[in-house]
Amino acid sequence: MACVERNNKIMFDLVRQPGNTFCADCGVPDPDWASYTLGIFVCLNCSGIHRNLPAVSRMKSIRLDHWDDSLVEFMQERGNTVAKAIFEKCVPAFFYQPLQKDCMVLKDQWIRAKYERREFTGENEFFKQAYCSELFESTLWKKGKDNKQFLKRIFQLSRKDFTLRYFIKEDSKLPKVVISMKDLNAVFQPEKIGHNHGLQISYVHGERTRNLFVYHEKGQVIVSLFNAIRATRLAYLQRKHPTLRDNDLIPQLTRYCLKEGYMEKTGPTHREPFKKRWFTLCSMNRKLLYSKNPLDATELGAVFIGTESHSYSASESSGRSSRGGRWNCGIMLQTPDRQYVFMCEQHQEQKDWLEAFRKIISQPMTPEDYANEANMRRGK
């Protein structure tokens, strides 16, 4: 019993040492599980993924399980810092390293890439070469533009001309769409798409944002495509901005929305009925997009959000919706050209949207932002 208590105390001390206080895979603080075959400390969620890799990783609870002397000695020799130097020795700059908030398929494939496939140990360059190949091809299930049916489509990612194409059939000579890396963005949206491996690919088509919703049954296939897109985006940005460092370009590879959700919206005269719309707010391009449904292929419209010094503001709107709307928590978004009125269902949603709007308004505009604002105002 004394030996067991001593070993448990050693494990408690180990998990409090620098490097071990955060999950080795997603970075969440205070991990309480450990892989005694890899020598790492992980959180409860990541430990569940490790249990699916019994040939590579075996788990024990730091608090609930008994630890033998040999296992404790191994954990003392390893720990997260030593393991990171082994399994994350050669992670490419473009490869997405998920955090706690990210979806399960990203975390699952990150863990499998590190420990099962050993992609980043430096043993071989096969996987990195695959992500950075001149032509990366995947067959995915894609949602139809005007219906809910998913059909198989062939996607080709070209590093030669920095484009993503998709073909309706294997023997198609011409692609259905050619998307430039300049305008492309890919984010995982499993809940919105209704599939654990759901990926949303967005790009600018004319004056509108176009959305493709795709998935693949195998997590490795869809995450590999995602990282190949990031690799191609990085190569494109490196050519476009040769003086910038990779650290400055990496945040631009994937543009996550600041907030998404339903609000009710009225027309420009404020006398039109309120209609329920799906809104997406992106901080990187300072745009609020709206559509009828979350899975619509094309937006209905967009609002540029500038800074307070350029007459943009967001405030709580008093009064109840009386023109067909069901929701009563109002927001007023002021722009130089128009005053927008939105209604949220709950006060917390109203608070969250106001916080998101004000966050963008408080950020200084870049030369590219000024150009986007001018283009959108001319388009109106």
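Keep in mind the model is a prediction, meaning the values are calculated, not measured.
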Colleague: Tell me if a side-chain donor or acceptor on Asp296 pairs with a main-chain N or O of Asn293 at a distance below 3.5 Å.
Modeller: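 At least one qualifying donor-acceptor pair exists.
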
Colleague: When you measure from the side chain of Glu264 to the backbone N and O of Arg326, does any donor-acceptor pair fall under 3.5 Å?
Modeller: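 Yes.
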
Colleague: Please answer whether the main-chain N or O of Thr366 pairs with a side-chain N or O of Asp369 as donor and acceptor at a distance below 3.5 Å.
Modeller: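 Between the backbone of Thr366 and the side chain of Asp369 there is a qualifying donor-acceptor contact (under 3.5 Å).
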
Colleague: Is NZ or CZ of Lys265 both nearer than 6.0 Å to the six-membered ring centre of Tyr290 and within 45° of the ring axis?
Modeller: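 That pair qualifies as a cation-pi contact.
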
Colleague: Would you mind writing out the side-chain donor-acceptor pairs for residues 33-40 within the sub-3.5 Å range, not counting sequence neighbours?
Modeller:
residue, atom, partner, partner atom, Å
Ser35, OG, Thr37, OG1, 3.4
Ser35, OG, Leu38, N, 3.2
Ser35, OG, Ser57, OG, 2.8
Thr37, OG1, Val56, O, 3.0
Thr37, OG1, Arg58, N, 3.0

Colleague: Indicate yes or no: at least one non-hydrogen side-chain atom of Arg63 is less than 4.5 angstrom from one of Met11.
Modeller: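 They are not in side-chain contact.
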
Colleague: Out of curiosity, does Phe74 fall in the hydrophobic cluster containing Met59 (side-chain heavy atoms, cut-off under 4.5 Å, transitive links)?
Modeller: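 No.
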
Colleague: For residues 30-41, pull every pair meeting salt bridge (charged side-chain N to carboxylate O under 4.0 Å, His left out), keeping only residues two or more places apart or in separate chains.
Modeller: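 For residues 30-41: none.
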
Colleague: Is it the case that Glu368 and Asn372 place a side-chain donor and acceptor less than 3.5 Å from each other?
Modeller: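 No.
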
Colleague: With hydrophobic residues grouped by side-chain heavy-atom distances under 4.5 Å, do Val72 and Phe41 end up in a single group?
Modeller: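 Linked, Val72 and Phe41 end up in one cluster.
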
Colleague: Donor-acceptor pairs under 3.5 angstrom involving side-chain atoms of residues 101-108: please list them, not counting sequence neighbours.
Modeller:
residue, atom, partner, partner atom, Å
Asp102, OD1, Tyr96, OH, 3.0
Asp102, OD2, Tyr96, OH, 2.9
Asp102, OD2, Leu99, N, 2.7
Lys107, NZ, Gln100, O, 3.2
Asp108, OD1, Arg112, NE, 3.3
Asp108, OD2, Arg112, NE, 3.2

Colleague: Check step by step if side-chain hydrogen bond (donor to acceptor under 3.5 Å, both in side chains) holds for Thr254 and Arg230.
Modeller: CA-CA 7 Å; Thr254 302; Arg230 285 174 57 88; 2.7 Å; yes

Colleague: Can you tell me if Lys128 has over 12 outside heavy atoms packed within less than 6.0 Å of its NZ?
Modeller: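 Count not over threshold, so no.
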
Colleague: Do Lys276 and Tyr262 meet the cation-pi criteria used here (NZ or CZ under 6.0 Å from the six-membered ring centre, within 45° of the axis)?
Modeller: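 The answer is yes, since Lys276 meets both limits relative to Tyr262.
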
Colleague: Any chain of hydrophobic side-chain contacts (each under 4.5 Å) joining Val204 to Val303?
Modeller: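 No; Val303 is not reachable from Val204 via cluster members.
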
Colleague: Mind running ring pair (Phe, Tyr, Trp, His ring centres under 6.0 Å) on Phe127 and Phe120 for me, showing each step along the way?
Modeller: CA-CA 9 Å; Phe127 291 101; Phe120 316 123; 8.3 Å; no

Colleague: Roughly how far apart are His195 NE2 and Glu217 CD, rounded to 0.5 Å?
Modeller: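 Taking NE2 in His195 and CD in Glu217, the distance rounds to 6.0 Å.
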
Colleague: As an exercise, state the distance from OH of Tyr215 to NZ of Lys142, rounded to the nearest 0.5 Å.
Modeller: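 Rounded to the nearest 0.5 Å, the OH-NZ separation comes to 12.5 Å.
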
Colleague: Check Lys114 with Glu119, please: is the shortest side-chain N to carboxylate O separation under 4.0 Å?
Modeller: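 Salt bridge between Glu119 and Lys114, a charged N being under 4.0 Å from a carboxylate O: no.
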
Colleague: Is the shortest side-chain heavy-atom distance between Pro31 and Val15 below 4.5 Å?
Modeller: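 Answer yes - side chains close enough.
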
Colleague: Any donor and acceptor pair, going by atom type alone, linking the side chain of Glu299 with main-chain N or O of Thr209 inside 3.5 Å?
Modeller: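 Yes, the answer is positive, given that a donor and an acceptor are paired below the 3.5 Å cut-off.
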
Colleague: Can you measure from NE2 (His347) to CD (Glu349) and round to the nearest 0.5 angstrom?
Modeller: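 Separation between the atoms: 12.5 Å.
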
Colleague: Using a distance-only test with no angle check, is there a side-chain donor-acceptor pair under 3.5 angstrom linking Glu260 and Gln189?
Modeller: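 There is such a pair between these side chains.
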
Colleague: For residues 353-360, which side-chain N or O atoms pair as donor and acceptor with protein atoms under 3.5 Å away, sequence neighbours left out?
Modeller:
residue, atom, partner, partner atom, Å
Arg358, NE, Ala314, O, 3.1
Arg358, NH2, Ala314, O, 3.2

Colleague: Taking the ring of Phe188 and the ring of Phe226, is the distance between their centroids below 6.0 Å?
Modeller: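 Between Phe188 and Phe226, which both carry aromatic rings, the centre distance is below 6.0 Å.
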
Colleague: I'd like to know if the side chain of Arg286 reaches the main chain of Gly306, judged simply by a donor and an acceptor atom lying under 3.5 Å from each other, with no hydrogens or angles considered.
Modeller: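 Here the side-chain-to-backbone pair exists.
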
Colleague: Does anything in residues 6-26 pair up under ring-ring contact (aromatic ring centres under 6.0 Å, His included), and if so which pairs, sequence neighbours excluded?
Modeller: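 Qualifying pairs, neighbours excluded: none.
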
Colleague: Counting only N and O atoms by type, is there a donor-acceptor contact under 3.5 Å from the side chain of Arg208 to the main-chain atoms of Leu300?
Modeller: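 Pair found, side chain donor or acceptor close to backbone of Leu300.
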
Colleague: Hey, any chance Ile193 and Ile229 share a hydrophobic cluster, counting ILVMFWY side chains that come within less than 4.5 Å of each other, even indirectly?
Modeller: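 They do not share one cluster, since no chain of ILVMFWY contacts under 4.5 Å joins Ile193 to Ile229.
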
Colleague: In this structure, is the centre-to-centre distance between the rings of Phe279 and Phe342 below 6.0 Å?
Modeller: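 Yes, ring centres under 6.0 Å apart.
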
Colleague: When you measure from the side chain of Thr266 to the backbone of Glu272, do you find a donor-acceptor pair of N or O atoms at a distance under 3.5 Å?
Modeller: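 Looks like yes, one N/O pair under 3.5 Å.
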
Colleague: Would you say the side chain of Thr163 lies within less than 4.5 Å of the side chain of Ser158, judging by non-hydrogen atoms?
Modeller: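 In contact.
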
Colleague: Regarding Ser202 and Arg210, do their side chains bring together a donor and an acceptor under 3.5 Å, going by distance alone?
Modeller: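 Short answer, no.
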
Colleague: Working to the nearest 0.5 angstrom, can you tell me the gap between Lys145 NZ and Asn211 CG?
Modeller: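 The distance works out to 11.5 Å.
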
Colleague: If two hydrophobic side chains count as joined below 4.5 Å and joins carry through other members, does Met365 share a cluster with Met376?
Modeller: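 Linked within one cluster.
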
Colleague: Quick check for you: to the nearest 0.5 Å, what is the distance between Phe94 atom CZ and Arg233 atom CZ?
Modeller: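 One finds 14.5 Å between CZ of Phe94 and CZ of Arg233.
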
Colleague: Is the count of non-hydrogen atoms from other residues, nucleotides or ligands lying under 6.0 Å from Gln76 atom CD greater than 12?
Modeller: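 Yes, because the 6.0 Å sphere around CD of Gln76 holds more than 12 heavy atoms from other groups.
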
Colleague: Is it true that atom NZ of Lys292 has more than 12 heavy atoms of other residues, nucleotides or ligands lying nearer than 6.0 Å?
Modeller: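 Incorrect, the count does not exceed 12.
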
Colleague: Answer yes or no: is there a donor N or O on one side and an acceptor on the other, between the side chain of Trp67 and the main chain of Ser61, under 3.5 Å?
Modeller: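 Yes; judged by distance alone, with no hydrogens or angles, the pair exists.
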
Colleague: Can any side-chain N or O of His197 pair as donor or acceptor with the backbone N or O of His216 at less than 3.5 Å?
Modeller: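 Such a contact is found between His197 side chain and His216 backbone.
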
Colleague: Throw together a table of side-chain donor-acceptor distances under 3.5 angstrom for residues 168-183, partners on residues two or more places apart or in other chains.
Modeller:
residue, atom, partner, partner atom, Å
Ser172, OG, Lys169, N, 3.0
Ser172, OG, Lys169, O, 3.1
Ser180, OG, Lys182, N, 3.1

Colleague: Is any side-chain heavy atom of Phe95 less than 4.5 Å from a side-chain heavy atom of Trp110?
Modeller: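 Yes, close enough: below the 4.5 Å cut-off.
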
Colleague: Would you say the side chain of Asp68 lies within less than 4.5 Å of the side chain of Asn7, judging by non-hydrogen atoms?
Modeller: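 Result no, sub-4.5 Å side-chain heavy-atom pair not found.
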
Colleague: If I take atom CG from residue Leu258 and atom CG from residue Leu288, how far apart are they, to the nearest 0.5 angstrom?
Modeller: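 Spacing of CG (Leu258) from CG (Leu288) equals 10.5 Å.
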
Colleague: Test salt bridge (Lys or Arg N to Asp or Glu O under 4.0 Å) on Lys84 and Asp25; report intermediate values, then the result.
Modeller: CA-CA 9 Å; Lys84 185 182 181 74; Asp25 296 321; over 6 Å; no

Colleague: Using the side-chain hydrogen bond (donor to acceptor under 3.5 Å, both in side chains) rule, take Gln109 and Gln220 through it: C-alpha gap first, then chi angles, then the decisive distance, then the call.
Modeller: CA-CA 6 Å; Gln109 288 303 312; Gln220 184 179 351; 5.5 Å; no

Colleague: Go through the steps for Lys192 and Gln200 under the test side-chain hydrogen bond (donor to acceptor under 3.5 Å, both in side chains), then give the verdict.
Modeller: CA-CA 9 Å; Lys192 182 194 288 189; Gln200 178 176 337; 2.9 Å; yes

Colleague: For His50 and Tyr115, take the angle between the two ring planes, folded into 0 to 90°, and tell me which bin it lands in: parallel under 30, tilted 30 to 60, perpendicular over 60.
Modeller: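 If you compare the ring of His50 with that of Tyr115, the planes turn out tilted.
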
Colleague: Carefully, step by step, assess Arg245 and Gln238 under the rule side-chain hydrogen bond (donor to acceptor under 3.5 Å, both in side chains).
Modeller: CA-CA 8 Å; Arg245 300 174 302 172; Gln238 287 170 334; over 6 Å; no

